[in-house]
Number of protein chains: 2
Amino acid sequence: MPPVPSTIPTRRKRTGAPRQNNTRHILNAAEKVFAAHGLSGTRMNDIAEASNLPKANIHYYFRTKEDLYRATLKQLLDDWLGDASKWLSADRSPQEGLRGFIEAKMEFSRKRPEASRLFAHELLSGGRYVHDFLVDTLRKHVEQRTRVFKAWHEAGLMAKTDPVHFLFCLWAMTQAYADVQVQMAAVLGKPHLTGRDYATGTQTIMQMVSSLLPPSPPETAE
Amino acid sequence: MPPVPSTIPTRRKRTGAPRQNNTRHILNAAEKVFAAHGLSGTRMNDIAEASNLPKANIHYYFRTKEDLYRATLKQLLDDWLGDASKWLSADRSPQEGLRGFIEAKMEFSRKRPEASRLFAHELLSGGRYVHDFLVDTLRKHVEQRTRVFKAWHEAGLMAKTDPVHFLFCLWAMTQAYADVQVQMAAVLGKPHLTGRDYATGTQTIMQMVSSLLPPSPPETAE
DNA sequence: GTCTATAAGTCGATAGAC
DNA sequence: GTCTATCGACTTATAGAC
């Protein structure tokens with residue numbers, strides 16, 4: 001219960017509908033623009049145009065460009081981790097878990113390429129703004145996945161491999177389908193990747209991962 | 001022989017020793033700075049400081065920032081292709097060829113991380129400045145590697161896989177060791193990657209690739 | 001909360017002395 | 001060829017009317 005339920009509209013925190021709507025709009029637009037040009041390469045004007053608001057309004061909701069950048073990154077990092085802990089879990093089989101994980105990561109690259117690219121941009125620039133996320137959240141996350149891989153290995157369900165570098169490889173392959181999309185499309189001679197390209201990519205990655213799994217009967221044997 | 005071996009110093013093209021020295025210095029410095037911040041995020045001042053020259057001198061050798069950016073990219077693209085055609089060649093075995101290729105790519109990530117990152121930065125930003133390279137040079141390069149993979153497959157030396165996406169995966173994994181180095185180091189709890197980390201990475205990637213190779217006797221069986 | 005107009009500062013590029 | 005000093009365009013951020 002709020003301490004003073006008087007007739008005065010609760011003003012303790014600014015949570016009006018227009019505010020929520022606008023900040024959401026701005027953050028989405030900012031993700032796109034920051035993804036393409038990074039922090040220093042982005043102009044507040046571009047974000048203003050992308051969100052159909054006057055530049056001053058952006059500054060009203062986010063005091064500085066850096067504040068907006070931090071907020072944009074923040075909303076992205078949770079999504080980036082996604083369902084990893086759901087799929088890479090010891091109560092699943094490696095086949096099921098790895099397939100689910102790879103498909104989820106490919107889905108993220110397809111549906112939120114800008115989020116992936118913004119994270120990549122930040123890492124390329126030194127990762128100063130995600131340092132805490134990397135050494136706290138992400139490191140613990142990797143430790144937990146590591147335990148799952150080791151459990152699989154000890155149960156004889158998966159070949160022995162360096163679990164951390166294995167995860168690095170999975171990240172690298174799946175994120176490439178967002179980050180260097182333009183390179184892939186150019187090589188394939190297309191304006192952009194299609195659903196089939198993502199499917200073939202998923203298939204190819206699964207094939208590489210399968211080297212660590214024990215030989216299994218064909219999935220849909222007759 | 002020059003057409004006019006007179007006493008006048010040949011001035012047809014500007015090729016003096018100081019010029020060659022300075023341009024080389026500037027290009028090296030520019031690679032580092034552009035790699036971290038991209039074209040729009042880089043200040044000519046930073047390049048000037050990184051190359052220990054007054055800003056005006058940079059403009060003397062490269063008229064505009066964009067000219068310098070193009071020149072920096074140009075010197076990089078050849079190196080990026082590297083020895084690929086030497087290793088991924090039909091007169092090698094897949095084992096030997098893939099190992100050599102992966103080791104060469106990892107070596108590049110280790111020795112020239114800035115080159116890799118600058119290319120990544122450019123692709124993230126849309127790849128406008130490497131468009132011709134992508135659709136001409138790189139596309140032909142991929143077609144040739146594709147033929148090698150197919151030859152290996154038809155000779156029964158390698159499992160059937162999509163050759164282009166397979167190459168995408170190899171690029172992604174090896175370049176990650178340059179591009180997201182900062183993420184890897186943070187997860188591993190180190191200030192930077194060591195030689196052993198690159199070795200473990202190479203090993204892990206080889207392990208994943210081996211799923212496509214026929215079961216072979218242990219490399220150094222007794 | 002919204003938006004125009006502008007202040008304050010930064011950056012690419014060049015003039016011009018040496 | 002080298003380098004200082006500076007111009008002019010652009011960009012972040014804010015003041016202040018509505």
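Chain letters run A, B, ... following the sequence lines, proteins first, then strands; residues in each count from 1.
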TODO: Kindly point out which of C:dA15, D:dG1, D:dA13 is positioned nearest to the side chain of B:Arg19?
DONE: D:dG1
TODO: Examine distances only and state if a side-chain atom of A:Lys65 and a backbone atom of A:Thr42 form a donor-acceptor pair shorter than 3.5 Å.
DONE: yes
TODO: Using only side-chain N and O atoms of B:Arg43, determine if any of them is under 4.0 Å from OP1 or OP2 of C:dT10.
DONE: no
TODO: May I have the distance from B:Leu53 (atom CG) to D:dT4 (atom C1'), rounded to whole angstrom?
DONE: 15 Å
- [ ] Would you please confirm or rule out a distance under 4.0 Å between OP1 or OP2 of D:dG1 and any side-chain N or O of B:Tyr61?
- [x] no
Open item on the list: Could you go through B:Phe119 and B:Leu77, starting from their C-alpha distance and side-chain angles, then the distance that decides it, and tell me whether this counts as side chain to side chain contact (heavy atoms under 4.5 Å, CB included)?
Closed with: CA-CA 8 Å; B:Phe119 188 43; B:Leu77 293 176; 3.9 Å; yes
Task: Distance, rounded to the nearest Å, where A:Asn52 contributes CG and C:dC3 contributes C1' - done: 14 Å
Open item on the list: Rounding to an integer number of Å, can you tell me how far B:Asn21 CG sits from D:dT2 C1'?
Closed with: 15 Å
Open item on the list: Less than 3.5 Å apart, any donor N or O on the side chain of B:Thr194 or B:Asp197 sitting next to an acceptor on the other?
Closed with: yes
- [ ] Please report the shortest heavy-atom distance between A:Arg110 and A:Gly195, naming the atom on each side.
- [x] NH1-CA, 3.8 Å
Open item on the list: Side chain of B:Pro54 only, heavy atoms from C-beta on: which candidate in D:dT4, D:dA13, C:dA13 is closest?
Closed with: D:dT4
TODO: Please tell me which of the listed nucleotides, C:dG1, D:dT2, C:dT14, lies nearest to the side chain of B:Tyr60?
DONE: D:dT2
Open item on the list: Is the phosphate of D:dA13 approached by A:Arg63 (side-chain N or O, under 4.0 Å from OP1 or OP2)?
Closed with: no
Task: Rounded distance (Å) that lies between atom P of C:dA17 and atom CG of B:Asn57 - done: 18 Å
- [ ] Provide, to the nearest angstrom, the distance between the NZ atom belonging to B:Lys55 and the P atom belonging to D:dA5.
- [x] 13 Å
- [ ] Please report, rounded to the nearest Å, how far the C1' atom of D:dA13 is from the CG atom of A:Asn45.
- [x] 13 Å
- [ ] Select base, sugar-phosphate, or nothing to describe what A:Thr42 touches, counting heavy atoms under 4.0 Å on all strands.
- [x] sugar-phosphate
Open item on the list: Between A:His165 and B:Tyr177, is the ring centroid distance below 6.0 Å?
Closed with: yes
Task: Spacing between B:Leu68 atom CG and C:dC11 atom C1', to the nearest angstrom - done: 15 Å
Task: Nearest to side-chain heavy atoms of A:Met44, which nucleotide of D:dT2, C:dA15, D:dT12 - done: D:dT12
- [ ] To the nearest Å, give me how far apart CD (A:Glu66) and P (D:dA13) are.
- [x] 9 Å
